Amino acid sequence: MTEEEWIKRGIEAYARQDWKVCLDSFAEAIKLNDNSKAVELRELTMNVIEFYCKDRFNP
């Protein structure tokens, strides 16, 4: 898959709140291009997860 396809897949997973697929997709896009916009998207996603899902990751 191309960088853009990985990003699209990540955005679609974000909309479904499928965090694992979302982060994994952005990571794959970043592997293809270190300067990908997926870097920022991944960071923003992590901020959302940390804010809304504190109990899931910090019992």
Side-chain angles (χ1 to χ4, degrees):
M1 291 176 67
T2 67
E3 173 191 355
E4 288 299 320
E5 290 171 331
W6 281 116
I7 291 172
K8 182 179 177 191
R9 182 176 184 218
I11 292 170
E12 290 169 352
Y14 180 93
R16 296 188 311 270
Q17 295 183 355
D18 187 346
W19 307 123
K20 180 171 179 6
V21 172
C22 177
L23 293 173
D24 289 347
S25 297
F26 292 151
E28 290 297 326
I30 294 167
K31 284 181 188 176
L32 295 174
N33 178 5
D34 291 342
N35 297 319
S36 173
K37 66 181 178 180
V39 173
E40 184 177 348
L41 291 170
R42 188 175 192 286
E43 182 179 332
L44 293 171
T45 301
M46 286 302 299
N47 289 337
V48 169
I49 291 169
E50 289 171 3
F51 183 80
Y52 287 109
C53 304
K54 289 179 187 174
D55 295 336
R56 182 181 300 171
F57 296 106
N58 299 312

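What you see is a predicted model, and the numbers here were worked out from it, not measured in a lab.
Here Trp19 contributes atom CH2 and Gln17 contributes atom CD; the two are 5.0 Å apart, rounded to the nearest 0.5 Å. Between atom CG of residue Asn35 and atom CD of residue Glu40 there is a gap of 12.5 Å, rounded to the nearest 0.5 Å. In this structure, the separation between OG1 on Thr2 and CG on Asn33 is 11.0 Å, given to the nearest 0.5 Å. With rounding to the nearest 0.5 Å, the separation of OG in Ser25 from NZ in Lys20 is 9.5 Å.
Side-chain contact between Asp18 and Glu12 is absent, with no heavy atoms from C-beta onward closer than 4.5 Å. Residues Tyr14 and Val48 have side chains in contact (heavy-atom distance under 4.5 Å, counting atoms from C-beta outward).
Cys22 approaches Ala13 most closely through the heavy-atom pair N-CB, 3.5 Å. Between Ser36 and Glu3, the closest heavy-atom pair is OG-OE2, 2.7 Å.
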* **side chain to side chain contact (heavy atoms under 4.5 Å, CB included) assessment of Asp24 paired with Arg9** => CA-CA 10 Å; Asp24 289 347; Arg9 182 176 184 218; over 6 Å; no
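We find that Lys31 and Glu28 are joined by a salt bridge, their nearest charged nitrogen and carboxylate oxygen being less than 4.0 Å apart.
A single hydrophobic cluster is not seen to contain both Leu44 and Phe51; linkage of ILVMFWY side chains at heavy-atom distances under 4.5 Å, directly or through other members, places them apart. Linking ILVMFWY side-chain heavy atoms closer than 4.5 Å, directly or via other members, places Phe26 and Leu32 in two distinct hydrophobic clusters.
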